[in-house]
Amino acid sequence: MSYISTRGNIDKVNAAEAIRLGMVPKGGLFVPDEFPNVTIQELENLKGKSYQILSKKILSLFLNDFTEKEIEQCIALAYNSFNFENDETTPLVKLNERTYVMELWHGPTAAFKDMALQIMPHLLVKSKEITKVDKETVILVATSGDTGKAALEGFKDVEGIKIIVFYPEDGVSEVQKLQMNTTDGKNTYVIAVKGNFDDCQTGVKDIFSDFEYRKGIEQNNIEFSSANSINWGRLLPQIIYYFKAYISLLEKNAIKLGEEINFCVPTGNFGNILAGYYAKKMGLPIGKLICASNENKVLTDFFVTGKYDRNREFHKTMSPSMDILISSNLERFLFDITGKDADKINSWYKDLNEKGLFEVDTDTFNKMKEIIVVGYTNEIETKKTIKNIKDTYNYVADTHTAVALKVDNDMKNTIQGITVVDSTASPYKFSTSVINALEENNIDDEFYAVEKVAEISKTKVHRAVKGLKEKKVLHKKVISKEDMKDIIKEILK
Ligand SMILES: *Cc1c(COP(=O)(O)O)cnc(C)c1O
């Protein structure tokens, strides 16, 4: 299988090259040039099999230039019981006959980003071997909070790699900030930026597409790569758990083989839901993919109007990992549904870059609405949902999951069949918001709230949060968004 650019500006490359580069050097995102198929019979045969075996099945379809052994090694290093403290890896919790919650946060940092970022560093190391590159790789990450820590954990002390994380100074929760700033490891750098997530992401993208700047740095036997979901190595592992959810429902006899199910995904950069779309393309029986947004509802508006318009007020919400106005992976989705029309993508993204908006044609508009259903909710409803879900099902959901649960509930009369709601973070990661929703008060002590979550949910404190308060803060740098290029130079000097 080969990989091509959404902007049509590079010759085909193999998987190792796509993962190593992270992003197409002249701008654009790598996508597979075709999608393999998994048959219904194969799904049936995967019943009762482990997450590792399923992973091997899916990853092998896309990584033809890796040997079987290389893929197995990556999987063993990532999806083991040390990293994921749950036998199911991504367990399904049944709320009622039509709603299941898929918990994607049993990894080391308590967010779903671990699903990809525990394996991606190993895929990258192998990719360097396969493409015979022995340069030092510098991973640049822009984070709205969760990617940063998951990437730091995944990459720390990995040979031949340095990782530099940029996060919005006031745009992440206290736990998220502490998680990142206390990271040890010889090769980790964490920097706060005075700005929002989009500033961080745009800064990183600019660096990737600034040929001259890169040349200056890369002449010292250094190569940049990305751990954001613009990297194919981030997206690919996310396809696995969509299959896992389906197979789990088969095992529980909750569905018949071939029956369609829906997924409702709390969305930011459109990476998670895109992985669901790719699973559907591969033949997984998925009916609707529901894209749930918080008050930063740029995607909801796009799917309703056909116009993507980022020129709007940015809202800071209690689901900060979804506070995004430029959803990078939408580009991959549009490329696919336009029948790989790189010209259209180029013109739309030129408009987005220059005017902050673009509008798709009628054909594209009709097509995208067939596949994705959208909904959004506000802060008050999100809070109410956390309380309702606890009162009704005795289940404590985090703020991001709650956005999706609310949107799913809004659609219960219009969408047929079972819906799996992607739970993207442990409630422990956003404890104050969760407790303030449950108890209608105004706590601001994050660690008191952590204890309260344990008490109310009768669960063990997630290991990502436990003991965090006592850890030493090792990263303290704050910069303005114009200084991202300079700080990288300084680090790599
Ligand atoms: C990253 C993240 C999201 C958004 O996922 P995308 O792939 O960017 O759409 C949602 N919830 C949580 C908790 C996250 O960390």
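Atoms within each ligand, like the ligands themselves, are counted from 1 in listed order. On a predicted model such as this, the values are computed, not experimentally measured, just so you know. The analysis underlying the following values was restricted to heavy atoms, covering all of them including side chains, and did not include hydrogens, waters or symmetry mates.
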Problem - Minimal non-hydrogen separation, S144 against P320, with atom names - result: CB-O, 3.8 Å
Handout entry: Sole residue of H400, K429, K113 in side-chain hydrogen bond (donor to acceptor under 3.5 Å, both in side chains) with D146
Key =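 Single pass found, and it is K429.
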Exercise for the section: Just grab all the ring pair (Phe, Tyr, Trp, His ring centres under 6.0 Å) pairs involving residues 102-125, residues at least two apart or on different chains. Expected result: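 Sorted result for residues 102-125: empty, none.
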Problem - Inter- and intrachain pairs under ring pair (Phe, Tyr, Trp, His ring centres under 6.0 Å), touching residues 301-324, at least two apart - result: F302-Y308, F302-F358, Y308-F358
Contacts table for ligand 1: protein N or O within a distance under 3.5 Å of ligand N or O, distances only.
{"residue": "ligand 1", "atom": "7 (O)", "partner": "G271", "partner atom": "N", "Å": "3.3"}
{"residue": "ligand 1", "atom": "7 (O)", "partner": "N272", "partner atom": "N", "Å": "2.9"}
{"residue": "ligand 1", "atom": "8 (O)", "partner": "N269", "partner atom": "N", "Å": "2.7"}
{"residue": "ligand 1", "atom": "9 (O)", "partner": "G268", "partner atom": "N", "Å": "2.8"}
{"residue": "ligand 1", "atom": "9 (O)", "partner": "N269", "partner atom": "N", "Å": "3.2"}
{"residue": "ligand 1", "atom": "9 (O)", "partner": "F270", "partner atom": "N", "Å": "3.1"}
{"residue": "ligand 1", "atom": "11 (N)", "partner": "T424", "partner atom": "OG1", "Å": "2.8"}
{"residue": "ligand 1", "atom": "15 (O)", "partner": "K113", "partner atom": "NZ", "Å": "2.6"}
{"residue": "ligand 1", "atom": "15 (O)", "partner": "D146", "partner atom": "OD2", "Å": "2.5"}

Problem - Under 3.5 Å side-chain donor-acceptor pair for N231 and R234 - result: no
Exercise for the section: Return the set of residues passing ring-ring contact (aromatic ring centres under 6.0 Å, His included) with Y3 (not counting sequence neighbours), or none when no residue passes. Expected result: W232
